[in-house]
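Counting from 1, the numbers follow the sequence of the chain as shown. Both ligands and their constituent atoms are indexed starting at 1 by order of listing. Everything quoted here is computed from the prediction, not taken from an experiment.
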Amino acid sequence: MKAAWPFSKLRAGIEARERTDKVSARVRRLLVKTLYTQPSSLAIGALNGIAATAIAAWVSDHPELLIGSLVLTIIAVARVTAALGISPDSQKTSTQKLELIYEIGAFSYALVIGIIAALTVWLGTSAEVQVLMVANALCYGVAVAARNAGRPSIAIGQLTLSCVPMMIVSLLMGTLAHITLFVTMLLLLPAMAAITLNIFKVLRDSIAAAETSAKLAEKMKVLARTDVVTGLANRAGLNHAMVETMMSIDENSRLALIWIDLDRFKEVNDLLGHPVGDRVLSEVARRLVNVCPEGSTISRFGGDEFVVFCPVKDRHHAELVSSEIHAEIMGPMRIEGDRLEVRASLGVALLPDDGKDADTLMQSADLALYHAKIGGRSQTRFFDRSMTRDLVRRREIEDELRAALQRDELSIFFQPIVDLETGRIRTFEALVRWFHPEKGELRPDEFIPVAEETGVIVTLGNWITAQAARIAAGWPEDVTVAVNLSPLQIRAPGAALGIRNALREAGLDPHRLELEVTESLFVEDSHSTANFIQELSALGVKFALDDFGTGYSSLGYINKYPFNKIKVDRSFVSGENVGRKSEAIIRAVAEMGSRLEMEIVAEGLETIEQVQAVRAAGCTLGQGYYFSRAVPDYLAAMLLAQEREDEMLRFGGN
Ligand code: C2E
Ligand code: CA
Ligand code: CA
């Protein structure tokens, strides 16, 4: 009882030290696992112990030693069997249990081998037997003190238990040699304990360090694939998921890549601030997670784009999923008290129909999205082959457009806008034409969108305004020129300066320039647009609202900006669906125009009946093939000259 006291104290000290070292559960598990590594060494040790004690018992012929040898054999066999039966990697056995099982076996084995060694001394067996067993017990103790350093309490406990019986017997024998043996072992204990603790520290620290860096690496990997704002996957995360999915699917599987772009999101950011923008993105992310089928990878592609990669049964199922996504995103949301409605355009491509690899699939979905956007936004488009042809043509146009500007292939045509009361030309609208050496005449509808996308529109637009102003400077004072501006051109830095330069170089009075803008301009970014309009109208430049009735028909901006003219889109005059409704609309717009002192232009007049109808409805100006197509500048000048000549004749005739 008394002898046990210092050991329990030692043990408690070691345990306390391990506790304060705060080894994590995982590190502890790994350390305990070191006890179970190399079960072969356990078996060799056991065999050696059994053989030595058996020989000692046989040679010395002492029944005590025989009993000891039998007990040791039972313990050794039990331990080896247990070690082979337990898998320290399986999480079924708890760390504590693993440790306890090992502890019981180790302690009882150490104690028995220690007692046998002590007995050989006590019973006065032959010197060889004593040497054999004392060396055996000591070697065992020293070896395990190193081997089991992963759990120092076990290692030091084993060493102590294998030595203590011999120490007691040595003391009892009392000869000089025995006392010296006692002292040697007494010194051995703390020395080995210190070594064990040192090994333990090195082992623990390196396991902990490896553990930390493994955890960090895992965390970095996750972070690198996660979008911080929404917590969804990012581009890298999607790529990774796509590669993994595509490797694991069979030939019959179908997957849909749904590319989502929020419409007018820039406006949300500009008007309500980035924090609100981020909230909107998170809300969209939440809705996507809600609505997407199981097994989908949902990612945000920076900005306001999301990409969903999901398993689908067939094309019809993909249509269903994308329409659900569309509806879910477009539902009103409440953010910081503001009610917001987000709209979105979707482009969808299917694997394997629209692309067999990730890159092609992405390109197809991107292209489908592009068509959804140019088709008026807030819609879903599925990829089809014709889109690729369009793309090829667009790429060609893009390359050639830059060259065309230098090669003088572009020119400006002019289409008269006529006073419906007097029949006189009041304005010429400048319309750009491209005479391509191989492709022939290209319509602006074909290349203006490409110019907008590639940014060429800024250079092109400045060139058009400069040309138009220069030509208009040669016309009679009362004839004005109208130039179309695309929203992108207006938002480009220095847009107003470009117009002012054109006016100055041409020597054209700003009152004689009219800029036609479309409703789409007011859908996004109100700040730079407002500045642009304010600055130029202060100079006297006029503004006309083009294609009225085709866009987002909000009348707010008509009130806000100083428009002189509204041009009613030709679909109300000569489109397929012209009827009583469109007549009523023209009438209402004309009425609004006369109240707000704005002129109303009817576009696309092709017949005398149409001219009469719009005049009766209250439009003051008209434009269309009925009067003239767009003509080159010299013909425009001739039209003006002829008009003046006719008037002279009329006046002369009077
Ligand atoms: P827009 O501003 O609405 O121009 C009127 C378009 O209608 C012109 O087509 C014109 O030729 C056409 N048009 C005129 N009268 C009639 C008619 O009686 N019947 C029919 N069916 N069409 C008629 P164009 O020249 O092909 O221009 C198409 C669009 O391209 C323009 O529509 C305008 O948005 C854009 N655009 C043209 N020139 C420029 C430019 O210099 N800069 C910019 N940014 N856009 C331009
Ligand atoms: Ca126009
Ligand atoms: Ca128009």
Considering only NZ, NE, NH1 and NH2 on the basic side and carboxylate oxygens on the acidic side, decide whether Arg587 and Glu591 come within less than 4.0 Å. no
Honestly, for Arg629 the part within reach of ligand 1 (heavy atoms, under 4.0 Å) is neither
At a non-hydrogen distance cut-off of under 4.0 Å, which region of Leu431 contacts ligand 1 (side chain, backbone, both, or neither)? both
Could you check whether Lys542 pairs with Glu599 (Lys NZ or Arg NE/NH1/NH2 to Asp/Glu carboxylate O, under 4.0 Å)? no
Is there a nitrogen or oxygen of Asp546 sitting under 3.5 Å from a nitrogen or oxygen of ligand 1? yes
Is it true that atom CD of Glu477 has more than 12 heavy atoms of other residues, nucleotides or ligands lying nearer than 6.0 Å? no
Excluding water, the protein N, O or S atoms sitting under 3.0 Å from the Ca ion (ligand 3) are Asp546 OD1, Asp547 OD1, Glu603 OE1, Glu603 OE2
Among all protein heavy atoms, pick out the one at the shortest distance from atom 20 (C) of ligand 1; state its residue, atom name and that distance to 0.1 Å. Glu606 OE2, 3.3 Å
Describe, in one word, how the ring planes of Phe532 and Phe543 are oriented to each other, choosing from parallel (under 30°), tilted (30 to 60°) and perpendicular (over 60°). perpendicular
Do any heavy atoms of Gly604 fall under 4.0 Å from ligand 1? yes
Look up atom 15 (N) of ligand 1 and tell me if a protein heavy atom lies less than 4.0 Å from it? yes
Tell me whether Arg426 contacts the main-chain N or O of Asp419 through its side chain, where contact means a donor paired with an acceptor under 3.5 Å. no
Identity and separation of the nearest protein heavy atom to atom 45 (N) of ligand 1: Asn484 CB, 3.6 Å
Can you find an N or O of Arg433 that's nearer than 3.5 Å to an N or O of ligand 1? yes
In terms of atom number and element, which parts of ligand 1 are under 4.0 angstrom from non-hydrogen atoms of Arg443? 9 (O), 11 (O), 24 (P), 26 (O)
Measure the shortest side-chain to side-chain distance between Phe382 and Arg315 over non-hydrogen atoms and say whether it is less than 4.5 angstrom. yes
Pairs of nitrogen or oxygen atoms closer than 3.5 Å, one from Val432 and one from ligand 1: do any exist? yes
Give the residue and atom name of whichever protein heavy atom lies nearest to atom 22 (N) of ligand 1, and the separation in Å to one decimal. Tyr625 OH, 3.3 Å
Atom 7 (O) of ligand 1: which of Glu516, Arg570, Gln489, Glu441 has the nearest heavy atom? Arg570
Among protein heavy atoms, which lies nearest atom 3 (O) of ligand 1, and at what distance? Asp547 OD1, 3.2 Å
May I ask you to identify, for Gln415, whether its side chain, its backbone, both or neither come under 4.0 Å of ligand 1 on a heavy-atom basis? side chain
Counting only heavy atoms, which portion of Leu605 has something under 4.0 Å from ligand 1: side chain, backbone, both, or neither? backbone
Salt-bridge criterion met for Glu283 and Arg279 (N-O under 4.0 Å): no
Contacting atoms of ligand 1, where contact means under 4.0 angstrom from a heavy atom of Glu429: 2 (O), 4 (O)
Checking contacts here: is it the side chain or the backbone of Glu603 that comes within 4.0 Å of ligand 1, counting heavy atoms only? Could be both or neither. side chain
Which atoms of ligand 1 sit under 4.0 Å from any heavy atom of Asp445? 28 (C), 29 (C), 30 (O)
N/O/S atom name from Glu429 that is nearest to the position of the Ca ion (ligand 2): OE2
Protein contact of atom 41 (O) of ligand 1 - nearest heavy atom, named by residue and atom, plus distance: Ile464 CD1, 3.2 Å
Heavy-atom donor-acceptor pair, Asp357 side chain to Thr360 backbone, under 3.5 Å: yes
Between the side chain of Ser537 and the main-chain N/O of Ile533, is any donor-acceptor distance below 3.5 Å? yes
In the protein, which heavy atom is nearest to atom 36 (N) of ligand 1, and how far is it? Pro444 CB, 3.9 Å
